Structures are given as C-alpha cells and as structure tokens.
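Everything below concerns the one structure shown next.
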Amino acid sequence: VMISGGSTLIFEAIALGVPAIVFESPAHFAATSMKAFAKSIFIVQSAEEMLDKIQTCLGNSNTCSKKNKAQTCLLKNVFGK
C-alpha cells in the first residue's frame, strides 16, 4: 500500500500495481487534487478513513480489486497496451 499526501508518487504506485491511498486534508486547498483519479485510488480526509482504507487494501476486498482493475485501465489509457 502506498500512502501519499497527493504527490506524483501515487502514479509510480499505480505503475507498480500497488494500492494507493491519498490523504487530502479538508482544511487545506489541494492545488493538485487527485480526485480526477478517484476510480483508481483511495482518497481520504481523516485518520479514521485512512485506517478503513488500509484495512480494505490489506484485506484484499472487492473494493480494492475494483481499484486495481481501474489502475490497469488508467495505465492502458496513458501508455497504451
């Protein structure tokens, strides 16, 4: 699992097939919001949400599987193949 504050490291996690969780604080303006990629990554705004998404990823849930499939589609759209 890759946890980030919204940096481009998330795209490296996607390229490696690693579940990605982005923390975006509701108290701060996110100039580079990752919400455009919400189908492929988890976006959280609190510690409780973070814990829930970590458990979701580690538990190999259906939700995590859907995100992984969306990551594959995202990579195909960006790089082809």
Side-chain angles (χ1 to χ4, degrees):
V1 175
M2 166 60 149
I3 301 172
S4 172
S7 73
T8 57
L9 287 175
I10 288 301
F11 299 109
E12 292 178 33
I14 290 171
L16 293 171
V18 174
I21 302 171
V22 174
F23 177 80
E24 290 190 347
S25 172
H28 296 101
F29 172 71
T32 56
S33 176
M34 296 289 159
K35 289 183 181 174
F37 305 101
K39 288 183 180 179
S40 303
I41 62 175
F42 292 101
I43 299 174
V44 299
Q45 295 185 326
S46 69
E48 293 82 15
E49 288 180 3
M50 177 77 70
L51 179 59
D52 178 60
K53 297 311 176 198
I54 290 170
Q55 290 172 336
T56 296
C57 291
L58 295 178
N60 292 319
S61 73
N62 189 37
T63 304
C64 195
S65 295
K66 288 180 182 178
K67 296 281 184 183
N68 288 340
K69 287 178 185 175
Q71 286 180 350
T72 301
C73 291
L74 176 65
L75 290 175
K76 286 180 182 178
N77 289 339
V78 172
F79 297 110
K81 285 192 170 185

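What you are looking at is a predicted structure, and each value in this text was computed from that prediction instead of being measured.
Distance CZ/Phe37 to NZ/Lys67: 13.0 Å, rounded to 0.5 Å. We find the SG-CG distance between Cys57 and Asp52 to be 9.5 Å, quoted to the nearest 0.5 Å. In this structure, Phe23 CZ and Met34 CE are separated by 14.5 Å, a value rounded to the nearest 0.5 Å. Taken from OG1 in Thr63 to NZ in Lys53, the straight-line distance is 6.5 Å, to the nearest 0.5 Å.
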Set out, in order, the CA-CA distance, both residues' side-chain angles and the distance that settles side chain to side chain contact (heavy atoms under 4.5 Å, CB included) for Thr72 and Lys76, then state yes or no.
CA-CA 6 Å; Thr72 301; Lys76 286 180 182 178; 3.9 Å; yes
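Under the 4.5 Å side-chain heavy-atom criterion for ILVMFWY residues, a single connected hydrophobic cluster contains both Leu9 and Val18.
Remark: Ile54 engages Ile3, Ile21, Met50, Leu58 in a side chain to side chain contact (heavy atoms under 4.5 Å, CB included) (not counting sequence neighbours).
Legend: ring pair (Phe, Tyr, Trp, His ring centres under 6.0 Å) pairs involving residues 48-69, not counting sequence neighbours: none detected.
Nearest heavy-atom pair across Ile10 and Ala20 is CD1-CB, 3.8 Å.
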Going by atom type alone, with no hydrogens or angles, which donor-acceptor pairs under 3.5 Å involve a side-chain atom of residues 38-47 and a protein atom two or more places apart or on another chain?
| unit_1 | atom_1 | unit_2 | atom_2 | d |
| --- | --- | --- | --- | --- |
| Ser40 | OG | Ala70 | O | 3.4 |
| Ser46 | OG | Glu48 | OE1 | 3.4 |
| Ser46 | OG | Glu49 | N | 3.1 |

